[in-house]
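Following: one structure in structure tokens, then a few remarks.
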There are 2 protein chains.
Amino acid sequence: METVAPFPYRDPSELLRRARLRPTRQRLALARLLFAGGPRHVTAESLFAEAQTANVRLSLATVYNTLHQFTEAGLLREVVVDSSCTYFDTNVSEHHHFFHEDQGVLTDIDGEEVNIHALPAAPEGTKISRVDVIIRLSGQK
Amino acid sequence: METVAPFPYRDPSELLRRARLRPTRQRLALARLLFAGGPRHVTAESLFAEAQTANVRLSLATVYNTLHQFTEAGLLREVVVDSSCTYFDTNVSEHHHFFHEDQGVLTDIDGEEVNIHALPAAPEGTKISRVDVIIRLSGQK
DNA sequence: CGTTTATTTATAATAATTCTAAACTATTGA
DNA sequence: TCAATAGTTTAGAATTATTATAAATAAACG
């Protein structure tokens with residue numbers, strides 16, 4: 001599968017073509033919502049609500065399907081911070097996160113701002129697929 | 001609430017007394033399973049299964065209640081690595097984790113083995129409640 | 001003891017997510 | 001251009017981890 005980066009912003013149909021996904025009305029609309037502004041974080045529910053507000057008619061199941069397909073295509077990345085729901089990040093470049101626990105909101109930390117100095121070797125027979133750093137915050141944003 | 005550290009191993013009833021939790025049969029049995037050996041990681045389901053094997057009669061709801069009470073008392077810490085289920089770690093001292101994605105297994109990384117060199121300041125009005133580093137691994141353990 | 005208060009439990013409820021299978025739509029190539 | 005094919009969407013049911021409820025039980029305390 002060809003690598004596709006969602007930023008800088010490209011035409012949604014070009015994005016979908018590169019990801020080998022048919023440019024359906026629903027996927028085009030979601031790609032626009034996700035990638036037209038700056039990088040952002042969504043949950044299935046938040047994106048679904050946003051689509052409804054924007055008068056995009058689609059089902060919640062399609063939002064789930066699309067988020068997963070986009071993730072597989074490298075357009076999104078999943079961020080695990082909270083066992084009660086799944087977050088997706090449109091910023092797929094290497095970086096880490098602040099998680100505002102009181103609000104359930106994620107924000108990006110610049111790649112250079114976290115510097116892991118010493119990293120242990122992966123155990124025999126395994127390889128590192130990713131390193132996630134989550135800085136959990138309490139208090140107002 | 002008095003701070004209670006589960007290691008080195010203490011008598012379960014002492015642990016519970018310090019945590020201001022009544023020493024019921026169920027809590028004593030779970031404390032024994034959790035803290036009698038070395039540090040470990042469990043899920044509610046895994047601990048429930050283990051209790052059944054050990055012929056401890058209790059309900060799954062009690063396992064959930066107890067895990068949360070122990071976490072509040074500082075005997076356990078929750079580790080968020082997988083949106084499909086919640087892990088609890090009996091090691092409450094500062095350290096980070098390997099997550100073996102293929103097996104769904106957590107292992108500890110020694111505190112000194114990860115060195116975060118530069119940490120960004122907490123945004124205005126917030127404070128850092130915790131920094132989690134998860135090294136995700138693929139392949140056999 | 002007996003009373004109060006905390007705990008346990010079976011069961012129902014919840015909530016996020018996935019599944020199913022029928023209806024629909026984009027693609028392909030004659 | 002159009003029919004056939006293959007991929008997509010969807011409503012609704014199913015699943016799964018977890019939490020809530022409220023009645024029964026057990027610990028604490030005088």
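Because only heavy atoms are used, hydrogens play no part in the values below, and waters and symmetry mates are left out as well, while side chains stay in. By convention in this document, chain letters (A, B, ...) are assigned in the order of the sequence lines, proteins followed by strands, and residues within each chain are numbered from 1.
Residue B:F70 is tested with B:V92, B:T90, B:L75, B:L15 for a side chain to side chain contact (heavy atoms under 4.5 Å, CB included); the sole match is B:L75. If you run side chain to side chain contact (heavy atoms under 4.5 Å, CB included) between A:D89 and each of A:H95, A:E78, A:R40, only A:H95 comes through.
B:H100 and B:T107 form a side-chain donor-acceptor contact under 3.5 Å, judged by distance and modelled atom types alone. Side chains of B:D108 and B:H41: a donor on one and an acceptor on the other come within 3.5 Å.
Distance CG (A:L21) to C1' (D:dA6): 14 Å, rounded to an integer number of Å. Look at CD on A:E78: it is 16 Å from P on C:dA16, rounded to the nearest Å. Spacing between atom CG of B:L30 and atom P of C:dT7 amounts to 14 Å, rounded to whole angstrom units. To the nearest angstrom, P of C:dT9 lies 8 Å from CZ of B:R57. Remark: C1' of D:dA26 and CG of B:L28 are 13 Å apart, rounded to the nearest angstrom. Going from atom CD of B:Q69 over to atom P of C:dT8 covers 7 Å, rounded to whole Å. In this entry the distance linking CD of A:E72 with P of C:dT18 reads 12 Å, nearest Å. If you measure from atom CD of B:Q26 to atom C1' of D:dA24, you get 13 Å, rounded to the nearest angstrom.
Heavy-atom minimum distance, A:L67 versus A:A44: CD1-CA, 3.7 Å. Nearest approach of B:C85 to B:T43, heavy atoms of both residues: SG-CG2, 3.8 Å.
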Close N/O contacts between protein and nucleotides 25-30 of chain C (under 3.5 Å):
from   : atom 1 : to    : atom 2 : distance (Å)
C:dA26 : N3     : A:R22 : NH1    : 3.4

Listing time: all N or O pairs from protein to nucleotides 15-23 of chain D that are below 3.5 Å?
from   : atom 1 : to    : atom 2 : distance (Å)
D:dT18 : OP1    : B:T86 : N      : 2.9
D:dT18 : OP1    : B:T86 : OG1    : 2.6
D:dT18 : OP2    : B:Y64 : OH     : 2.6
D:dT18 : O5'    : B:Y64 : OH     : 3.3

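Taking the side chain as every heavy atom from C-beta outward, A:D82 and B:V80 never approach each other to under 4.5 Å. In this structure the side chain of B:T66 never reaches within 4.5 angstrom of the side chain of B:Q26, judged on heavy atoms.
Phosphate proximity of D:dT10 to A:S59: present, with a side-chain N or O under 4.0 Å from OP1 or OP2.
Note on ring orientation: taking the six-membered ring where Trp is involved, the planes of A:F35 and A:F7 are perpendicular (angle over 60°, cut-offs 30° and 60°).
For A:L58, the listed nucleotide lying nearest its side chain is D:dT10; candidates were C:dA6, D:dT10, C:dT9.
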